[in-house]
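When reading the values below, keep in mind they use all heavy atoms of this one structure, side chains included, and skip hydrogens, waters and symmetry mates. Just so you know, these numbers come straight off a predicted model, no measurement behind them.
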Amino acid sequence: MFFKGALADVKNLGVDMVSTANNHSLDADVPGLLETIRLLNEGGIVHAGTGRTLQEARAANFLNSPKGVIGLVSTFSVD
């Protein structure tokens with residue numbers, strides 16, 4: 001789960017993109033995941049791998065940079 005106080009720190013480190021698909025995505029249950037997504041959107045950090053719907057979770061997202069467009073696809077699987 002992302003905390004509002006950490007958002008500025010992450011941006012200050014130069015992080016522009018993150019994968020949110022991992023085995024800890026739901027550690028704070030669905031409300032924590034949705035808050036993380038909200039904060040990433042609010043902070044302008046491109047993310048992929050989770051979403052409010054399956055379509056959102058499967059979607060690629062893109063960062064427009066001065067050197068071009070960067071795409072991010074993120075997946076996670078458990079056997």
Same cluster (ILVMFWY, side-chain, under 4.5 Å), [X] and [Y]:
{"X": "V69", "Y": "V46", "value": "no"}
{"X": "M17", "Y": "V15", "value": "no"}
{"X": "I70", "Y": "F62", "value": "no"}
{"X": "L26", "Y": "I37", "value": "yes"}

Please list all pairs passing the salt bridge (Lys or Arg N to Asp or Glu O under 4.0 Å) test where one or both residues lie in residues 64-76, with sequence neighbours left out. none
Does any non-hydrogen side-chain atom of I45 lie less than 4.5 Å from one of L7? yes
Please examine the side chains of K11 and D16, heavy atoms only from C-beta on, and report whether any two atoms are closer than 4.5 Å. yes
Is it the case that more than 12 heavy atoms not belonging to E42 sit under 6.0 Å from its CD atom? yes
Is the CZ atom of R52 crowded by more than 12 outside heavy atoms at less than 6.0 Å? no
How many angstroms lie between OG in S74 and CG in N61, if you round to the nearest 0.5 Å? 10.0 Å
Exam field: side chain T20 to backbone A48, donor-acceptor pair closer than 3.5 Å: yes
N/O donor-acceptor pair under 3.5 Å between D29 side chain and P31 backbone: no
Steps toward side-chain contact (heavy atoms from CB on, under 4.5 Å) verdict (N41, H47): CA-CA 8 Å; N41 289 339; H47 56 92; 2.8 Å; yes
Could you please spell out the steps behind the side-chain contact (heavy atoms from CB on, under 4.5 Å) verdict for L72 and L63? CA-CA 8 Å; L72 176 65; L63 173 69; over 6 Å; no
